[in-house]
Chemist: 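Once you've had a glance at the structure underneath, I'll fire off some questions.
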Amino acid sequence: MSLSHICRLIDGEKKEGQHICLDAKYLRGKSTGTYLDKGKFVAKGNNIILVDGENSGEVFTVPHDGYMGSTFKQLWISEAMHQPYVLYFIQFYKELLRNSKKGAAIPHLNKEIFYSLLIGIPPYQEQKRIARKIDIIVNEIKG
């Protein structure tokens with residue numbers, strides 16, 4: 001099935017009130033962050049994906065409530081899917097997504113390619129088993 005059947009790239013909820021700006025530098029631990037008085041709110045535990053710039057296609061899990069940076073979209077994943085399974089799938093295609101950007105001045109995530117990626121959809125328990133196996137392998141590699 002194509003990714004378009006189980007994922008959507010959506011805007012965060014417009015909100016006011018002081019929250020940290022969840023930009024790429026902050027999420028990578030390269031800056032202490034800045035606070036904004038309004039923006040597109042995203043709650044802790046949600047996933048956001050870079051859609052503009054050099055690293056388009058990179059996914060981050062939101063560490064705490066805040067406002068998405070302007071280069072992000074929220075990644076909605078169907079409840080019928082095991083989220084870590086889908087995130088590993090997207091991570092597998094990170095280079096393809098990074099190397100197939102559109103636009104000259106500011107490269108953008110090629111949403112046609114993103115949404116057309118074909119993902120196998122085994123039963124939910126099998127998705128969980130696959131994600132656990134990948135966790136084990138990733139942890140062994142990181143050593």
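Every value quoted in this text rests on a predicted model; they were computed, and no experiment measured them.
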Chemist: Given the rule in the side-chain contact (heavy atoms from CB on, under 4.5 Å) test, do V51 and H108 qualify, once you have shown the distances and angles that lead to the verdict?
Modeler: CA-CA 6 Å; V51 294; H108 306 290; over 6 Å; no
Chemist: Measuring from atom NZ of K111 to atom OG of S56, what distance do you get when rounded to the nearest 0.5 angstrom?
Modeler: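 It is 10.0 Å, given to the nearest 0.5 Å.
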Chemist: State the CD-CG distance between Q83 and L75, to the nearest 0.5 angstrom.
Modeler: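 Spacing of CD (Q83) from CG (L75) equals 8.0 Å.
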Chemist: S78: which residues meet the side-chain contact (heavy atoms from CB on, under 4.5 Å) condition with it, sequence neighbours left out?
Modeler: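 S78 satisfies side-chain contact (heavy atoms from CB on, under 4.5 Å) with I6, W76, A80, M81 only.
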Chemist: Hey, could you give me each pair passing ring pair (Phe, Tyr, Trp, His ring centres under 6.0 Å) that has a residue in residues 117-143? Not counting sequence neighbours.
Modeler: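 Found H82-Y124.
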Chemist: Going by side-chain hydrogen bond (donor to acceptor under 3.5 Å, both in side chains), name the residues that satisfy it together with N110, two or more places apart in sequence or in a different chain.
Modeler: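 N110 satisfies side-chain hydrogen bond (donor to acceptor under 3.5 Å, both in side chains) with no other residue.
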Chemist: Donor-acceptor pairs under 3.5 angstrom involving side-chain atoms of residues 84-99: please list them, not counting sequence neighbours.
Modeler:
unit_1, atom_1, unit_2, atom_2, d
Y85, OH, G120, O, 2.6
Y88, OH, D135, OD1, 2.4
E95, OE2, R98, NH1, 3.2
R98, NE, N55, OD1, 3.4
R98, NH2, N55, OD1, 3.3
N99, ND2, E95, O, 3.1

Chemist: When the aromatic ring centroids of F41 and H19 are compared, is their separation below 6.0 Å?
Modeler: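 Between F41 and H19, the centre distance is under 6.0 Å.
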Chemist: Tell me every residue that passes side-chain hydrogen bond (donor to acceptor under 3.5 Å, both in side chains) with S2, counting only those two or more places apart in sequence or in another chain.
Modeler: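 S4, H5.
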Chemist: Could you pull out all residues at least two apart from Q18 that satisfy side-chain hydrogen bond (donor to acceptor under 3.5 Å, both in side chains)?
Modeler: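 side-chain hydrogen bond (donor to acceptor under 3.5 Å, both in side chains) check on Q18 returns nothing, list empty.
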Chemist: Listing request: all salt bridge (Lys or Arg N to Asp or Glu O under 4.0 Å) pairs with a residue in residues 21-36, at least two apart in sequence or in separate chains.
Modeler: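 Counting only pairs at least two positions apart or across chains, the salt bridge (Lys or Arg N to Asp or Glu O under 4.0 Å) contacts touching residues 21-36 are R28-E58.
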Chemist: So, using side-chain hydrogen bond (donor to acceptor under 3.5 Å, both in side chains) as the criterion, who are the partners of Q74 when residues are at least two apart?
Modeler: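 Testing Q74 for side-chain hydrogen bond (donor to acceptor under 3.5 Å, both in side chains), a comparison that skips the adjacent residues, returns N46.
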Chemist: Applying ring pair (Phe, Tyr, Trp, His ring centres under 6.0 Å), can you list everything that pairs with F114, at least two apart in sequence or on another chain?
Modeler: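 So F114 forms no ring pair (Phe, Tyr, Trp, His ring centres under 6.0 Å) with any residue.
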Chemist: Please name all residues satisfying salt bridge (Lys or Arg N to Asp or Glu O under 4.0 Å) with E126, sequence neighbours left out, ordered by chain then number.
Modeler: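 R129.
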Chemist: Nearest 0.5 Å, what's the OH-CG distance between Y115 and L3?
Modeler: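 Output value for this atom pair is 8.5 Å.
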Chemist: Run the side-chain donor-acceptor check on residues 61-71: report pairs under 3.5 Å with partners two or more places apart or on a different chain.
Modeler:
unit_1, atom_1, unit_2, atom_2, d
T61, OG1, N47, OD1, 2.8
H64, NE2, Y26, OH, 2.6
D65, OD1, K44, N, 2.9
Y67, OH, K15, O, 3.4
Y67, OH, G17, N, 3.3
Y67, OH, G17, O, 2.4

Chemist: Hey, which of I136, V138, I137 is the one that makes side chain to side chain contact (heavy atoms under 4.5 Å, CB included) with I134?
Modeler: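 The single option meeting the side chain to side chain contact (heavy atoms under 4.5 Å, CB included) with I134 is V138.
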Chemist: Keeping to residues at least two apart or across chains, list the salt bridge (Lys or Arg N to Asp or Glu O under 4.0 Å) pairs with something in residues 66-79.
Modeler: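 Sorted pair list: D11-K73.
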